[in-house]
Amino acid sequence: MAPLTPRLVVPIDVKKKPWEQKVRLHNRWHPDIPPVADVTEGELFRVEMVDWTGGRVRDDDSADDIKFLDLTITHYLSGPLRIVDAEGVPASPGDLLAVEICNLGPLPGDEWGYTGIFERENGGGFLTDHFPSARKAIWYFEGIYAYSPQIPGVRFPGLTHPGIVGTAPSVELLNIWNERERKLIETGHESLKLCEVLHQRPLANLPTSDNCLLGKIQEGTAEWQKIANEAARTIPGRENGGNCDIKNLSRGSKVYLPVFVEGANLSTGDMHFSQGDGEVSFCGAIEMSGFLELKCEIIRGGMKEYLTPVGPTALHVNPIFEIGPVEPRFSEWLVFEGISVDESGKQHFLDASVAYKRAVLNAIEYLSRFGYSKEQVYLLLSCCPCEGRISGIVDAPNAVATLAIPTAIFDQNRRTRL
């Protein structure tokens, strides 16, 4: 007998706001956000999701929606899902949850996406000192391919993936997150810099009740207020997985996530049609609504058996990712190198961030000779299937990073050969 169609556990109506969906969404991490459905391990199920802004970015030529976007909304997630075994016993703290991505894609009838550059005063990006103003490119999908009216002469296959897949933190882990991120903000503002420009961006994003969506918990209640003031933002990846933005996490991939609460409380969102390594413009993938078809397996006691803590507690672990067999094939690449010497000529010691910044800048300078503005290239490098690498991290004083761009993404009239 043929297998059953995947069971739809989180449906999405893209004409409705996130808080109007039939199955309530959430945009924070907290152990007390209740699950919206149970899923049995081995069951094939479907999760639909809005784009990370919940439809606030429009299909038009204006970047005002990017410029004035309220980042306290980040990110709208589908879930949490309570994972149980065949006997109905939920996953337990200390287990490992294997999540297999069987299929994924844009939602039918909503086959478009966008890439943005945030305003320097509203989020910025990796190169915010060079590109301080908001920009936007709209992308349309033709099967596996994407093209943009704002960046003509480019068409490429997308390696579609979820930016966020994660489990809920325990109370102890949530407290660890909030304490260390609060300490960073309190002590690091005057001393910590990333490529000399981190002071222009938030060091971290602490809990806030602004635009907080907590699934089935009713806004304005005492329970909602307590959780909203504690719940972690979804912007960074952490021990639970979360916003890791791994572009190769596509069909056939598996994610092995630590379980910190009963049922695991799996959530996902932030679908990308394509992304370059680093997602350098911050709103930098081709962001879209979409769906995932998943299967889960509970590995009892798997955290202790497979994940080695690197930190002061057993909670200081990280997921393992198994990349699937499906990805675009390219045979010709242009590779740009960067070293840890910044634009002013200052030497940095084995700083991979400075090296990668130089590689990206070198690529932008070169590609802008072929009829593109530097803003167009910045947007393109953030979302096309380019490959970033740390090539050297031991030969003092210079770290070496590279950025490889497949030449086949450009049409014949814009081939970027030397």
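- Checking side-chain atoms of Asn265 against main-chain N and O of Pro35 turns up no donor-acceptor pair under 3.5 Å.
- Scanning both residues, Val377 and Tyr372, for their nearest heavy atoms gives CG2-CB, 3.7 Å.
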### Query
Run the salt bridge (Lys or Arg N to Asp or Glu O under 4.0 Å) check on Arg389 and Asp277 step by step: do they pass?
CA-CA 8 Å; Arg389 297 286 187 272; Asp277 279 335; 3.8 Å; yes

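- In this structure, the side chain of Asp95 engages the main chain of Gly301 through a donor-acceptor pair within 3.5 Å.
- Between Trp177 and Asn175, the side chains place no donor N or O within less than 3.5 Å of an acceptor N or O (distance only, hydrogens not considered).
- The backbone N or O of Ser373 lies less than 3.5 Å from no partner atom in the side chain of Tyr378, so there is not a single donor-acceptor pair.
- You'll find the side chain of Arg46 stays beyond 4.5 Å of the side chain of Thr5, heavy atoms only.
- Of the inter-residue distances, the one linking Lys136 atom NZ with Ser281 atom OG reads 13.5 Å to the nearest 0.5 angstrom.
- Here NZ of Lys67 is found 9.5 Å from CZ of Arg135. Values are rounded to the nearest 0.5 Å.
- For the pairing with Thr72, the side-chain hydrogen bond (donor to acceptor under 3.5 Å, both in side chains) check across Asn205, Asn211, Asp210 returns one residue only, Asn211.
- For the pair Ile185 and Leu206, the tightest heavy-atom approach, listed with the atom from each and the gap, is CD1-CG, 3.5 Å.
- In this structure, Phe118 and Phe282 have perpendicular ring planes: the angle between them is above 60°, well past the 30° mark.
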### Stepwise side chain to side chain contact (heavy atoms under 4.5 Å, CB included) test for Val10 and Thr268
CA-CA 11 Å; Val10 181; Thr268 185; over 6 Å; no

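- When each of Glu279, Lys247, Met288 is checked for a side-chain contact (heavy atoms from CB on, under 4.5 Å) with His272, only Glu279 meets the rule.
- Side-chain atoms of Glu41 never come within 3.5 Å of backbone atoms of Asp85 as a donor-acceptor pair (strictly under, hydrogens ignored).
- Residues satisfying the ring-ring contact (aromatic ring centres under 6.0 Å, His included) criterion with Phe336, sequence neighbours excluded, are Tyr366.
- Around CD1 of Ile323, the count of heavy atoms belonging to other residues, nucleotides or ligands within 6.0 Å exceeds 12.
- Side chains of Cys244 and Phe321 form a contact here, defined as non-hydrogen atoms less than 4.5 Å apart.
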#### Entry: Criterion side-chain hydrogen bond (donor to acceptor under 3.5 Å, both in side chains) on Tyr114 and Asp51, from CA distance to verdict
CA-CA 10 Å; Tyr114 59 89; Asp51 80 280; 2.6 Å; yes

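- Every residue meeting the ring-ring contact (aromatic ring centres under 6.0 Å, His included) condition with Trp333, not counting sequence neighbours, appears here in chain and number order: Phe330.
- Under 3.5 Å, the side chains of Asn362 and Glu337 contain no donor-acceptor pair of N or O atoms.
- Considering CG of Asn243 and CH2 of Trp52, their distance stands at 10.0 Å, rounded to 0.5 Å.
- Of the residues listed (Ile299, Leu257, Ile298), the one engaging Leu96 in a side-chain contact (heavy atoms from CB on, under 4.5 Å) is Ile299, and it is the only one.
- Counting only heavy atoms from C-beta outward, the side chains of His161 and Ile246 never approach each other to under 4.5 Å.
- Taking the charged nitrogens against the carboxylate oxygens, Lys374 and Glu365 do have a contact shorter than 4.0 Å, which makes a salt bridge.
- A salt bridge between Lys346 and Asp351 is absent, with no side-chain N of the basic residue lying under 4.0 Å from a carboxylate O of the acidic one.
- Annotation: side chain of Tyr356 is in contact with side chain of Val280 (closest heavy-atom distance under 4.5 Å).
- At least one side-chain heavy atom of Ser250 sits less than 4.5 Å from a side-chain heavy atom of Leu104.
- In this structure, Glu322 CD and Ser253 OG are separated by 8.0 Å, a value rounded to the nearest 0.5 Å.
- Considering every non-hydrogen atom in both Trp112 and Asp59, the closest pair reads CH2-N, 3.6 Å.
- The minimum heavy-atom distance linking His348 with Asp342 is given by the pair NE2-OD2, 2.8 Å.
- Ion pairing between a basic and an acidic side chain is recognised when a charged N comes within 4.0 Å of a carboxylate O; Glu142 and Arg155 show such pairing.
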### Message
Evaluate Val39 against Leu294 for side chain to side chain contact (heavy atoms under 4.5 Å, CB included), listing each step before the verdict.
### Response
CA-CA 10 Å; Val39 171; Leu294 306 172; over 6 Å; no

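- With rounding to the nearest 0.5 angstrom, the CD1 atom of Ile405 is 12.0 Å from the CZ atom of Phe156.
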### Message
Applying side chain to side chain contact (heavy atoms under 4.5 Å, CB included) to Val57 and Glu287, what does each step give before you reach the verdict?
### Response
CA-CA 10 Å; Val57 176; Glu287 312 284 349; over 6 Å; no

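- Within the 4.5 Å cutoff, the side chain of Ile364 has heavy atoms near those of the Leu127 side chain.
- Counting all heavy atoms, side chain and backbone alike, Gly158 lies closest to Ser274 at CA-CB, 3.9 Å.
- Between the Gln275 side chain and the Gly284 main chain, no donor and acceptor come within less than 3.5 Å of each other.
- In this structure a side-chain-to-backbone donor-acceptor pair under 3.5 Å is missing from Glu111 to Tyr140.
- The shortest non-hydrogen separation linking Val335 to Ala404 is CG2-CB, 3.8 Å.
- Looking only at distances, a side-chain donor or acceptor of Arg28 sits under 3.5 Å from a matching main-chain atom of Thr208.
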### Query
Yes or no on side chain to side chain contact (heavy atoms under 4.5 Å, CB included) for Leu81 and Asp38, after CA distance, side-chain angles and deciding distance?
CA-CA 6 Å; Leu81 302 176; Asp38 282 9; over 6 Å; no

Side chains of residues 163-173: which donor-acceptor partners sit under 3.5 Å, not counting sequence neighbours?
| from | atom 1 | to | atom 2 | distance (Å) |
| --- | --- | --- | --- | --- |
| Thr167 | OG1 | Pro258 | O | 2.8 |
| Ser170 | OG | Leu173 | N | 3.1 |

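- Leu107 is listed as a side-chain neighbour of Ser289, based on a closest heavy-atom distance under 4.5 Å.
- Side-chain contact check for Cys102 versus Leu44: some heavy-atom pair is nearer than 4.5 Å.
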### Task
Starting from the C-alpha separation in whole Å, work towards a yes-or-no answer on ring pair (Phe, Tyr, Trp, His ring centres under 6.0 Å) for Phe141 and Phe273.
CA-CA 9 Å; Phe141 308 149; Phe273 187 84; 4.0 Å; yes

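- One N or O on the side chain of Thr234 and one on the backbone of Thr74 form a donor-acceptor pair closer than 3.5 Å.
- Rounded to the nearest 0.5 Å, atoms CE (Met271) and CD (Glu48) are 10.5 Å apart.
- Between the side chain of Thr53 and the main chain of Arg56, a donor-acceptor pair closer than 3.5 Å is present.
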